[in-house]
Amino acid sequence: MSTRIAFLKGHGTENDFVIVPDPENAIDLPPAAVAALCDRRAGIGGDGLLHVVRSAAHPEAEGMAAEAEWFMDYRNGDGSVAEMCGNGVRVFARYLQRAGHVTEGDLAVATRGGVKTVHIAKDGDVTVGMGRAVLPEGDVTVSVGELSWPARNVNMGNPHAVAFVDDLSHAGDLLSPPPFSPAAAYPDGVNVEFVVDRGPGHVALRVHERGSGETRSCGTGACAVAVAAARRDGADPTATGAPATYTVDVPGGTLVITERPDGEIEMTGPAVIVAEGEIDADWLETATSA
């Protein structure tokens, strides 16, 4: 390992990431190292880490190398491995553009959740193909204090309960998981979105992400909300044959979600690189072993 390691810092609707370019997969990033880098007081700080590796150089991605040159080796802020992050893949694409690896237009990014299609627009926004939603059957209820609401069960590769409310303040502080029933609907916990209408095709949300509390943005959550809103509004694209597009305000900005008649969902939003520098390898080794 060299004495210094290059890094960048970026965010997508204030979902922020440490970016570590490592084309040949030469940098060892154990969970403790990732957690140290993502620490907001003692490290660089981030919701997660984007390890940028050529697919052919990573054992988990070499099978996708023919489809996608680059692999997003995504890690959560606690160092654990994750399959996919919608906001993260937009920032990943922005880094590839900044580094000169790609230009405006279409590209493919390998993730543990498969190869994702990405489009970098001239205006700077990035669109990511998020796959299809699954809508499990059965009634779900979520509660905050003495208030409760029916919720739509939407799975975007992770579970979501989407509740339409009159005021976002009804969600409370979102520090602890909002109770839900029946318990069997979400045996592994759930991300809960509280949603209000802002106008035709325009909603706003607050979200409790399981294991994290309230977050500034959730890409899969915004997709789940758009799907739930389309069903509520009688605009199910698989039934009408017309795409449904919703503007979704999250605490950290705005995302635009489109569900196509074939069920595929696209998420469009900003991706910003805010800084770059070097990590001191001696500090990282000390922080990792502490």
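For the single chain, residues carry numbers from 1 onward in sequence order. Computed from a prediction, not measured in an experiment: that's the story for all the values here.
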For this session: Could you pull out the closest heavy-atom pair between Ala68 and Val115, with the gap in Å?
Result: CB-CG1, 4.2 Å
Problem set entry | Between NE2 on residue His11 and OG on residue Ser217, distance to nearest 0.5 Å | 10.5 Å
For this session: For Asp139, look at atom CG and say whether over 12 heavy atoms of other residues, nucleotides or ligands are found less than 6.0 Å away.
Result: no
Exercise. Does Asp188 offer a backbone N or O that forms a donor-acceptor pair with the side chain of Arg210 under 3.5 Å?
Worked result: yes
Exercise. If you measure from CD1 on Ile273 to CZ on Arg98, what distance do you get to the nearest 0.5 Å?
Worked result: 6.0 Å
Problem set entry | Matching residue for Val34 among Asn76, Leu49, Val18 - test: side-chain contact (heavy atoms from CB on, under 4.5 Å) | Leu49
Exercise. Roughly how far, to the nearest 0.5 Å, is CE of Met64 from NZ of Lys116?
Worked result: 10.0 Å
Problem set entry | Co-membership, hydrophobic cluster, residues Leu174 and Leu147, 4.5 Å side-chain | yes
For this session: Would you kindly confirm whether Val53 and Phe17 end up in one hydrophobic cluster when ILVMFWY residues are joined by side chain heavy atoms under 4.5 Å apart?
Result: no
For this session: Determine whether Val140 and Val225 fall in the same hydrophobic cluster, where Ile, Leu, Val, Met, Phe, Trp and Tyr are linked whenever their side-chain heavy atoms lie under 4.5 Å apart.
Result: no
Exercise. Do the side chains of Val89 and Met84 get nearer than 4.5 Å, heavy atoms only?
Worked result: yes
For this session: Quick one: closest heavy-atom pair of Ile27 and Pro21, and the distance?
Result: CD1-O, 4.1 Å
For this session: For Asn155 and Gly157, indicate whether the former's side chain and the latter's backbone hold a donor-acceptor pair under 3.5 Å.
Result: yes
Problem set entry | Distance in Å, Asp173 CG paired with Glu214 CD, rounded so as to fall on 0.5 Å steps | 8.5 Å
For this session: Look at atom CD of Glu278 and say whether more than 12 heavy atoms of other residues, nucleotides or ligands are closer to it than 6.0 Å.
Result: yes
Exercise. About how many Å separate NE2 of His51 and CG of Asp22, when rounded to the nearest 0.5 Å?
Worked result: 3.5 Å
Exercise. Does Asp125 reach the side chain of Pro270, with side-chain heavy atoms less than 4.5 Å apart?
Worked result: yes
Problem set entry | Exercise: identify the closest heavy-atom pair between Met267 and Asn87 | CE-N, 4.0 Å
Problem set entry | 4.5 Å side-chain heavy-atom contact, Val256 and Glu266 | no
For this session: Please check if Leu205 and Leu135 belong to a single hydrophobic cluster, counting links between Ile, Leu, Val, Met, Phe, Trp and Tyr side chain heavy atoms closer than 4.5 Å.
Result: yes
For this session: Please lay out, stage by stage, how Val144 and Phe194 fare under the test side chain to side chain contact (heavy atoms under 4.5 Å, CB included).
Result: CA-CA 11 Å; Val144 175; Phe194 296 89; 3.7 Å; yes
Exercise. Any side-chain heavy atom of His208 within less than 4.5 Å of one from Pro177?
Worked result: yes
For this session: Please report the C-alpha distance between Arg90 and Leu255 in whole Å, then the side-chain angles of each, then the deciding distance to 0.1 Å, and finally whether the side chain to side chain contact (heavy atoms under 4.5 Å, CB included) criterion is met.
Result: CA-CA 12 Å; Arg90 294 201 319 276; Leu255 297 167; 3.6 Å; yes
Exercise. Any idea which heavy atoms bring Gly77 and Cys38 closest together, and the distance?
Worked result: O-CB, 3.7 Å
Problem set entry | Short N-O contact, Arg132 and Glu264, less than 4.0 angstrom | yes
Exercise. Do you know the tightest heavy-atom contact between Asp47 and Tyr74?
Worked result: O-OH, 3.9 Å
Exercise. Would a 4.5 Å heavy-atom cut-off, applied to side chains only, mark Val207 and Thr215 as touching?
Worked result: yes
Exercise. Distance only, no hydrogens: is a donor on one side chain within 3.5 Å (strictly under) of an acceptor on the other, for His202 and Asp249?
Worked result: yes
Problem set entry | Which residues share a ring-ring contact (aromatic ring centres under 6.0 Å, His included) with His101, sequence neighbours left out | Trp70
Problem set entry | side chain to side chain contact (heavy atoms under 4.5 Å, CB included) assessment of Val91 paired with Met72 | CA-CA 10 Å; Val91 176; Met72 184 179 78; over 6 Å; no
For this session: Say whether Trp149 and Val162 are linked into one hydrophobic cluster, either directly or through other cluster members, by side-chain heavy-atom distances under 4.5 angstrom.
Result: no
Exercise. Do Leu50 and Tyr95 have side-chain heavy atoms sitting under 4.5 Å apart?
Worked result: no
For this session: First locate atom OG1 of Thr238, then atom CZ of Arg231, and finally report the distance between them rounded to the nearest 0.5 Å.
Result: 5.0 Å
Exercise. Got a sec: does the CG of Asp166 have more than 12 other heavy atoms crowding it under 6.0 Å?
Worked result: no
Exercise. Given side chains that start at C-beta, do those of Val81 and Arg75 come closer than 4.5 Å, heavy atoms only?
Worked result: yes
Exercise. Taking the side chain as C-beta and beyond, is there a heavy-atom pair between Pro59 and Asn25 under 4.5 Å?
Worked result: yes
Seminar exercise, completed: On a heavy-atom basis, the closest approach of Cys223 and Met130 is SG-CG, 3.9 Å
Exercise. Can you tell me if Asn15 and Thr13 form a side-chain donor-acceptor pair at under 3.5 Å?
Worked result: no
Problem set entry | Val227 vs His160, side chain to side chain contact (heavy atoms under 4.5 Å, CB included): CA-CA, chis, key distance, verdict | CA-CA 11 Å; Val227 168; His160 296 268; over 6 Å; no
